[in-house]
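What follows is a short report on a single structure.
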Amino acid sequence: MNMLYTNFHIGDGGGHVTYILSLIKNTPNNTYVACPGSSSLYKILKSDGYDNLIDIVFYYRITDIVKIIKTARLFAKYIEEYKIDIVHTNGSPDNRMALYASLFCKRKFKVVFTKHNAKRIHTKLRLNKFNDAVVFVSEYARRATVGDVKMPHYHVIRNGIDLEYWRSKTPAHTGNALRLISTAGTRMSKGWMFLLEALASLLPEERQRLSVTILGDIPSEEARSKAAALFPAEFPGFFPDPRPWLEKADIGFILSHTDTETSSFASKEMLSMGLPLISSDYPNYMENIDDSCGWVTERRNPESIALTLRRILGMSPEELSAMKLNARKKAEDSFSIKRMAEETQAMYEKLLC
């Protein structure tokens with residue numbers, strides 16, 4: 001089976017990159033990847049010695065119609081040359097390009113579209129008539145995108161992670177001081193400023209028991225100044241491998257208040273590393289945790305977060321250590337990359353029957 005994975009991002013593709021790399025490594029197919037040469041996916045694969053790379057930009061603006069047609073013809077040429085059976089697309093620009101390419105391609109191929117976000121698609125024609133399979137990475141992503149509509153070619157295949165890679169080497173032990181961490185990034189939509197506001201409302205003796213580390217791009221000077229006035233959080237930057245930071249932490253947090261995120265690899269990775277999670281009540285995040293391994297707070301609500309922090313501070317080290325073990329168990333039970341790869345491969349094989 002010859003697979004062509006596509007990713008339209010010109011820079012960091014976030015969870016899209018993790019998703020594509022996971023399928024390349026865990027499915028038994030002959031694979032190719034088409035993405036912009038400037039993208040993190042291209043650079044990662046290139047540095048890993050992956051040879052089946054196609055440097056291509058997926059134009060989508062109506063003002064780029066000439067470039068779109070030229071790219072569609074070139075894309076069709078690659079599909080024919082590499083005898084591609086399935087093009088697995090991961091965003092609307094590359095999904096449309098695959099459909100345009102079919103108009104110029106002599107070879108018949110199947111098109112799969114993975115819906116990574118929860119942005120509603122107002123016209124379902126592209127999903128229902130022109131894609132051979134549509135994958136939603138969570139049940140929430142399906143509901144948010146298409147409501148209660150059910151189609152035979154709709155599939156909910158929850159994202160998985162490499163549970164061995166995301167395994168802490170340190171035992172589950174919690175002391176009096178608690179280290180909170182997030183690997184979800186530093187965009188304001190991630191909600192970390194509400195956590196700092198909650199921390200600012202605690203008593204001095206409560207604040208002294210807590211520290212906060214937020215991994216991701218360094219926030220703007222204005223954001224850092226506002227954060228410093230609330231609580232001395234640490235912003236060490238972005239790390240391709242955050243595991244050493246996670247191993248030093250006690251509790252993870254992911255407090256996004258956006259309406260477009262879906263699977264959250266970050267939450268699954270933190271749980272897999274044995275970190276119970278403080279989560280916002282964003283529906284998709286609530287698919288990832290339960291009372292045994294996390295706490296749900298109201299979005300954009302520092303008071304709700306502060307109540308949770310006080311509840312955590314009132315727990316014994318033994319109770320928190322048990323929650324760490326439960327976090328790892330939750331990951332093992334629910335977030336296996338093996339399961340994700342097997343379900344995706346079964347979908348591929350069914351398409352070619």
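The structure presented is a predicted model; accordingly, all values stated were derived computationally and were not measured. Only heavy atoms go into these numbers, but all of them, side chains included; no hydrogens, no water, no symmetry mates.
Between the CG atom in L74 and the CD1 atom in I56 there is a gap of 5.0 Å [rounded to 0.5 Å]. Taking OG of S211 as the reference point, atom CG of D250 lies at 8.0 Å (rounded to 0.5 Å). One finds the OG1 atom of T27 at 10.0 Å from the CD atom of E349 (value rounded to the nearest 0.5 Å).
At a threshold of 4.0 Å, the pair K106-E80 does not count as salt-bridged, since none of the basic side-chain nitrogens sits closer than that to a carboxylate oxygen. Using a 4.0 Å cut-off between charged side-chain N and carboxylate O, E247 and R243 make no salt bridge. Between R167 and E164 a salt bridge is recorded (basic side-chain N to carboxylate O distance below 4.0 Å). For K226 and E222, the salt-bridge test fails: no basic side-chain N is under 4.0 Å from an acidic carboxylate O.
Checking K115 against N117 by side-chain atom types alone, a donor-acceptor pair falls below 3.5 Å. Between Y60 and D94, the side chains place no donor N or O within less than 3.5 Å of an acceptor N or O (distance only, hydrogens not considered). S267 and Y285 are not linked by any side-chain donor-acceptor pair at a separation below 3.5 angstrom, with hydrogens and angles left out of the test. Side chain to side chain, N29 and T31 fail the donor-acceptor criterion of an N or O pair below 3.5 Å. R328 and S272 form a side-chain donor-acceptor contact under 3.5 Å, judged by distance and modelled atom types alone.
Looking at heavy atoms from C-beta onward, L210 lies out of side-chain contact with E206 at the 4.5 angstrom threshold. For the pair V111/S102, no side-chain contact is recorded, criterion being any heavy-atom separation below 4.5 Å from C-beta on. Side-chain contact check for L4 versus F75: some heavy-atom pair is nearer than 4.5 Å.
Residue R187 places its CZ atom among 12 or fewer non-hydrogen atoms of other residues, nucleotides or ligands, all under 6.0 Å distant. Within a 6.0 Å radius of CD in E221, other residues, nucleotides and ligands contribute 12 heavy atoms or fewer. Surrounding CG of D291 are at most 12 heavy atoms belonging to other residues, nucleotides or ligands under 6.0 Å away. A 6.0 Å sphere centred on CD1 of I10 holds no more than 12 heavy atoms belonging to other residues, nucleotides or ligands. In E303, the CD atom is not crowded: 12 or fewer heavy atoms of neighbouring residues, nucleotides or ligands sit closer than 6.0 Å. Around the CG atom of L125, the shell of radius 6.0 Å holds more than 12 heavy atoms that belong to other residues, nucleotides or ligands.
Side-chain N or O atoms of T145 include none that pairs as donor or acceptor with a backbone N or O of R142 at under 3.5 Å. Proximity of a side-chain donor or acceptor of N7 to a complementary backbone N or O of C35 within less than 3.5 Å is not detected.
Residues Y140 and Y282 bring their aromatic ring centres within 6.0 Å.
Under the 4.5 Å side-chain heavy-atom criterion for grouping Ile, Leu, Val, Met, Phe, Trp and Tyr, L41 is connected to I161 within one hydrophobic cluster. Under the 4.5 Å side-chain heavy-atom criterion for ILVMFWY residues, no single connected hydrophobic cluster contains both I54 and Y5. Following chains of ILVMFWY side-chain contacts shorter than 4.5 Å, one cannot reach M347 starting from V87, and the two form parts of different hydrophobic clusters.
Taking the six-membered ring for Trp and thresholds of 30 and 60 degrees, H88 and Y348 have ring planes more than 60 degrees apart, a perpendicular arrangement.
Each of K268, R158, K330 was scored for a salt bridge (charged side-chain N to carboxylate O under 4.0 Å, His left out) with E287, with one residue passing: R158.
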